[in-house]
Amino acid sequence: MKDLISITDLTTEALQGLIDKAQDLIADPGKYCEKCKGKKLATLFFEPSTRTRLSFEAAMLELGGSVLGFSEAGSSSASKGESVADTAQTISCYADIIAMRHPKEGAPLVAAQAACVPVINAGDGGHNHPTQTLTDLLTIYREKGRLTKLKIGFCGDLKFGRTVHSLITAMARYQGNSFVLISPEELRVPGYIRKDTLDRNGLSYKETDNWNDMPDLDILYMTRVQRERFFNEADYLRLRDAFILTTDRLADAKGELCILHPLPRVNEIERAVDRDERAAYFRQVLNGKYIRMALILKLLGID
Ligand code: CP
């Protein structure tokens with residue numbers, strides 16, 4: 001495997017290998033601190049980011065490598081009309097590995113086809129975000145001790161939420177998982193996720209517009225309603241506060257519930273929830289750095 005464009009590029013064995021490597025990185029970071037000495041990571045971000053870009057950069061720095069890149073399209077030659085393919089081919093001359101975020105679905109794949117170094121999809125439009133999924137899988141594994149037999153509630157913007165699409169696709173391959181898809185009617189998961197992933201694999205799932213399944217959930221994956229993906233501001237304003245997680249709302253949830261959110265949060269989780277031990281979303285942030293360290297090592301062929 002040269003690149004990571006979709007979570008489906010990784011076999012279940014490869015996913016477990018990354019989780020195991022991340023666990024080792026957490027346990028013994030000193031063992032890895034010079035593994036990428038002399039290697040360079042380029043972060044090409046055509047869309048805003050805090051966690052993904054900086055965790056990639058922190059990951060490479062902690063492996064002893066160095067980083068270069070840009071954090072907005074306007075400061076690159078994309079603003080002069082350069083194609084994604086030409087940009088990727090150019091950056092291949094300067095860096096050993098590329099992490100790219102782009103608003104257009106499929107742009108990282110185009111980059112991967114033009115680049116002669118590994119390309120990692122760091123989020124493409126409303127499509128995929130495979131390294132967030134790796135982060136989520138590591139977090140679920142560390143919090144619950146397994147990736148099987150879990151009832152997972154996804155809540156919020158399931159239409160544009162690329163992290164939701166990637167995580168459903170990943171969790172669908174583990175035995176005994178079931179899904180509760182909680183959203184307003186207009187923000188339900190896209191038809192291709194329902195048809196190609198959930199229905200085709202005969203998975204147990206339910207679409208709902210209420211919280212009634214809360215007591216049964218093992219994991220609650222909250223998401224932000226994504227203003228930047230709406231064509232119409234009035235629709236965004238109408239839908240943005242449809243689901244807000246409060247401490248009261250958690251009263252009848254399991255004591256071992258694990259609450260995740262890819263972040264950034266706007267106001268879909270009340271800040272008081274952060275003090276609840278079940279809120280795992282900042283632990284999830286830290287896990288993101290370790291799994292990206294594991295991924296960089298894998299794609300560079302370093303053990
Ligand atoms: N979770 C995530 O992708 O966050 P950023 O947009 O800050 O990178």
Side-chain angles (χ1 to χ4, degrees), residues 4-7 18 22 41-62 67 69-76 97-108 111 119-140 142-143 152 154-171 219-230 236 240 245 258-269 273-274 279-296:
L4 180 66
I5 302 302
S6 161
I7 199 69
L18 287 171
L41 164 76
T43 51
L44 313 185
F45 276 60
F46 296 84
E47 253 198 351
S49 167
T50 296
R51 277 146 294 274
T52 310
R53 184 172 67 84
L54 295 179
S55 66
F56 262 119
E57 295 187 358
M60 191 49 146
L61 293 172
E62 289 192 25
V67 298
F70 53 81
S71 57
E72 54 181 78
S75 64
S76 79
I97 185 165
I98 294 170
M100 174 186 278
R101 172 171 288 188
H102 201 285
K104 281 206 184 125
E105 301 183 357
V119 173
I120 301 168
N121 179 2
D124 60 332
H127 192 216
N128 273 313
H129 192 349
T131 64
Q132 181 63 47
T133 305
L134 293 175
T135 302
D136 301 340
L137 291 174
L138 174 62
T139 307
I140 293 169
R142 286 175 65 76
E143 298 284 326
I152 308 161
F154 288 92
C155 180
D157 181 352
L158 311 188
K159 179 178 181 184
F160 297 113
R162 58 193 173 197
T163 64
V164 171
H165 308 159
S166 292
L167 187 56
I168 290 176
T169 305
M171 291 306 284
I219 294 171
L220 175 60
Y221 194 95
M222 294 296 297
T223 62
R224 170 178 70 97
V225 175
Q226 301 191 35
R227 180 179 220 146
E228 66 274 28
R229 312 269 180 236
F230 276 78
Y236 167 72
R240 67 176 178 180
L245 185 65
C258 171
I259 306 166
L260 301 178
H261 191 311
L263 306 180
R265 142 178 72 182
V266 184
N267 58 348
E268 60 279 359
I269 301 180
V273 174
D274 299 1
Y281 31 90
F282 286 106
R283 297 194 289 276
Q284 191 180 359
V285 169
L286 183 58
N287 290 333
K289 180 184 72 177
Y290 289 110
I291 200 78
R292 290 180 174 104
M293 290 169 84
L295 179 64
I296 289 169

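Residue numbers start at 1 and run along the sequence shown. Remember, it's 1-based here, ligands and their atoms both numbered in the order they're listed. Predicted model only: the values in this text are computed from it and were never measured.
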Residue list, side-chain contact (heavy atoms from CB on, under 4.5 Å) with Arg224, at least two apart or on another chain: Gln226, Glu228, His261, Pro264, Val266, Glu268
What residues, two or more places apart in sequence or in another chain, satisfy side-chain contact (heavy atoms from CB on, under 4.5 Å) together with Ala42? Leu44, Leu68, Ile91, Ala95, Ile98
For Asp157 and Thr223, test the side chains for any donor-to-acceptor distance below 3.5 angstrom and give the result as yes or no. no
Determine whether the side chains of Arg53 and Thr43 contain a donor N or O and an acceptor N or O closer than 3.5 Å. no
Identify, chain by chain and in numerical order, each protein residue with a heavy atom under 4.0 Å from an atom of ligand 1. Ser49, Thr50, Arg51, Thr52, Arg101, His129, Gln132, Pro262, Leu263
Taking side chain to side chain donor-acceptor pair (under 3.5 Å) as the definition, give me every residue that meets it alongside Thr163, ordered by chain and number, with sequence neighbours left out. Tyr221
Check whether NZ of the Lys or CZ of the Arg Arg292 lies under 6.0 Å from the centre of the six-membered ring of Phe56 and within 45 degrees of that ring's axis. yes
